[in-house]
Protein chains: 2
Amino acid sequence: MAKAFGPPNDHNILLASLSPDLRAVLAPHLELVRLEQRSALEYPQEKIERVTFPVDCVGSMVAVGDEGRRIEVGLFGFDGMSGTSIVMGVETSPLEVFVQVAGDGYTIDTEVFRGLLDQHDALELHFKRYIHCLNIQTTQTALSNGQSKLEERLARWLLMCHDRVSDDRMALTHDFLSIMLGVRRAGVTVGTHILEGKGLIRAGRGVITILDRDGLEAEARGSYGVAEKEYARLFGNPPTD
Amino acid sequence: MAKAFGPPNDHNILLASLSPDLRAVLAPHLELVRLEQRSALEYPQEKIERVTFPVDCVGSMVAVGDEGRRIEVGLFGFDGMSGTSIVMGVETSPLEVFVQVAGDGYTIDTEVFRGLLDQHDALELHFKRYIHCLNIQTTQTALSNGQSKLEERLARWLLMCHDRVSDDRMALTHDFLSIMLGVRRAGVTVGTHILEGKGLIRAGRGVITILDRDGLEAEARGSYGVAEKEYARLFGNPPTD
DNA sequence: CCCGATTTGTACGCTTCTGTACCTATCCAG
DNA sequence: CTGGATAGGTACAGAAGCGTACAAATCGGG
């Protein structure tokens with residue numbers, strides 16, 4: 001299977017798939033900003049100030065528990081948005097949301113966004129449907145966390161990340177991946193070697209290159225694809241397809 | 001900590017916490033029905049016919065993967081509802097939703113429900129906020145699946161189930177629990193012995209009795225409570241508190 | 001071009017959980 | 001009261017991953 005969201009990533013698909021009139025409603029309030037790696041988009045239990053629609057950056061939603069436990073529960077790029085709680089009518093969330101791959105994104109003030117959603121039901125519907133897809137992604141993560149081996153989870157994660165960047169080369173350290181997957185750093189090293197040994201990826205210092213998407217999907221053994229199919233069904237494939 | 005949703009369960013809290021006028025909007029369309037154990041409330045990828053608000057039954061949302069992999073990703077009782085996708089503007093979901101503990105519940109036809117949501121934004125807001133809580137529950141499940149030991153996950157699950165039934169005695173087999181947690185049946189047997197050994201529960205054939213909620217919460221080591229606190233914040237404690 | 005910082009490779013013993021198997025205890029219908 | 005069905009207890013070898021530790025490789029600033 002090709003990338004879930006197709007090649008174009010000079011814009012945000014979620015915004016681009018709005019009808020022209022709804023896009024016109026949002027456009028005047030969107031501001032294009034540069035988002036640096038590790039910068040926070042939301043803090044746990046703190047008021048969400050801005051909603052962000054990535055263009056070529058990638059964000060992670062991470063659940064934090066006691067004793068430093070943490071694990072990624074959501075990944076989004078030009079397919080999605082931060083600040084989903086706002087759409088749900090809640091002003092905070094217990095998750096950490098931060099920029100994982102630096103890049104540009106459109107932001108809008110939370111209050112303004114909430115106001116526009118209230119005025120345009122079709123706008124809210126659009127974002128609710130995206131959140132539905134994101135929730136499915138989280139359920140698949142829960143399934144994967146409970147039932148898959150490390151290298152299967154790694155394969156799934158690499159595919160999801162690859163879907164959201166333009167390059168087959170991705171800047172990722174084992175340490176970073178270990179936090180996302182909630183496993184040992186050394187475990188990621190072993191996992192990457194397994195995938196590398198099968199010719200699915202190539203790993204360099206701080207870089208992982210995707211060589212064989214189909215192979216990775218097979219390696220993920222069904223843990224990848226459900227959320228992506230739902231997204232494709234609801235938001236369609238990009239015009240180039 | 002006492003039960004997350006307090007003692008009363010002769011009604012559905014989600015419905016009861018609606019304003020009187022919104023309750024009046026829904027009431028004429030609700031039908032009280034008996035829901036038997038194992039009966040399906042939603043089938044994966046099939047149109048959701050009815051939305052259900054449990055009174056004294058409990059439902060599970062289960063993600064299914066390849067090779068018979070399955071794991072529970074959501075639990076709801078008189079605090080919640082089935083058919084959450086409908087609120088999100090989508091008519092299907094990839095999850096299995098079924099009755100885990102038999103009992104009564106109010107149901108409403110999907111089309112009628114969707115129509116009422118469209119007419120009453122405040123009604124939709126109410127259910128969106130519930131879904132926000134349910135999503136948090138799923139993120140905590142993902143965290144727990146990835147980072148907790150079997151007996152911690154078991155303790156968490158028993159607490160969540162206990163929140164949603166009226167009795168300290170719960171009809172649960174090890175086999176059933178093993179499916180919910182996505183572990184071996186024999187593993188659940190060992191897990192229950194650990195909790196029993198600490199005096200937190202008592203286990204009989206097909207029955208688990210909660211003896212010490214606070215002890216179970218400590219045993220869950222932070223994996224229980226986040227979603228429950230959010231629910232309490234948004235929907236308040238029951239009037240008896 | 002050298003030094004400290006970052007990243008990766010590898011090893012070891014240990015815990016947790018699995019797959020499988022088999023036996024026992026309890027329940028219920030006839 | 002008995003026989004089949006259901007539920008639970010236990011055991012064993014092995015896989016998977018952990019915590020920890022340390023060394024090697026690579027990078028970038030001075």
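Atoms considered below: every heavy atom in the structure, side chains included; atoms not considered: hydrogens, waters and symmetry mates. The shown structure was predicted, so the numbers you read here are calculated from the model rather than taken from an experiment. Chain A is the first sequence line, chain B the second, and so forth, proteins listed ahead of strands; every chain is numbered from 1.
Between the CD1 atom of A:Ile201 and the P atom of C:dT8 there is a distance of 11 Å, given to the nearest Å. Taking atom CD1 of B:Ile194 as the reference point, atom P of C:dT15 lies 14 Å away to the nearest angstrom. What separates CG of A:Leu195 from C1' of C:dG9 is a distance of 16 Å, to the nearest Å. Atoms CD1 (B:Ile179) and P (D:dT6) sit 14 Å apart, rounded to a whole Å. Atom CG of B:Leu177 and atom C1' of C:dC17 are 17 Å apart (whole Å). Distance, B:Ile71 CD1 to C:dT18 C1': 14 Å, rounded to whole Å. Distance, A:Leu154 CG to C:dT8 C1': 15 Å, rounded to whole Å. Counting to the nearest Å, the P atom of C:dG19 and the CG atom of B:Asp175 are 14 Å from each other.
In this structure, A:Glu36 pairs ionically with A:Arg34, as a charged nitrogen and a carboxylate oxygen lie closer than 4.0 Å. Look at B:Arg213 and B:Glu217 and you find a salt bridge, because one of the NZ, NE, NH1 or NH2 atoms lies within 4.0 Å of a carboxylate O, short of that distance. Ion pair A:Arg70/A:Glu96 flagged as a salt bridge, since at least one NZ, NE, NH1 or NH2 atom sits closer than 4.0 Å to an Asp/Glu carboxylate oxygen. A salt bridge does not link A:Glu219 with A:Arg156: none of the charged nitrogens is closer than 4.0 Å to a carboxylate oxygen.
Nearest nucleotide to the B:Thr173 side chain, out of C:dT8, D:dT10, D:dA7: D:dA7.
When all heavy atoms are compared, the tightest approach of B:Ile71 to A:Gln147 is CD1-NE2, 4.0 Å.
In the region residues 202-212 of chain A, proximity to DNA chain D at under 4.0 angstrom, judged on heavy atoms, holds for A:Arg205.
The 12-atom threshold is not exceeded at CZ of A:Arg202, counting heavy atoms of other residues, nucleotides or ligands nearer than 6.0 Å. No more than 12 heavy atoms of other residues, nucleotides or ligands shown are found within 6.0 angstrom of CZ on A:Arg169. By the neighbour-count criterion of 12 heavy atoms within 6.0 Å, atom CZ of A:Phe98 is densely surrounded, having more than that number from other residues, nucleotides or ligands. Annotation: A:Tyr43, atom OH; neighbour count of heavy atoms from other residues, nucleotides and ligands within 6.0 Å does not exceed 12.
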Return the polar atom pairs (N/O with N/O) between nucleotides 12-18 of chain D and the protein under 3.5 Å, or none.
{"residue": "D:dA16", "atom": "OP1", "partner": "A:Lys149", "partner atom": "NZ", "Å": "3.1"}
{"residue": "D:dG17", "atom": "OP1", "partner": "A:Leu150", "partner atom": "N", "Å": "2.5"}
{"residue": "D:dC18", "atom": "OP2", "partner": "A:Arg184", "partner atom": "N", "Å": "3.4"}

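If A:His193 and B:Ala186 are placed on DNA chain C by their nearest nucleotide, the residue sitting closer to the 5' end is A:His193.
With hydrogens and angles ignored, no donor-acceptor pair closer than 3.5 Å exists between the side chain of B:Arg185 and the base of C:dG19.
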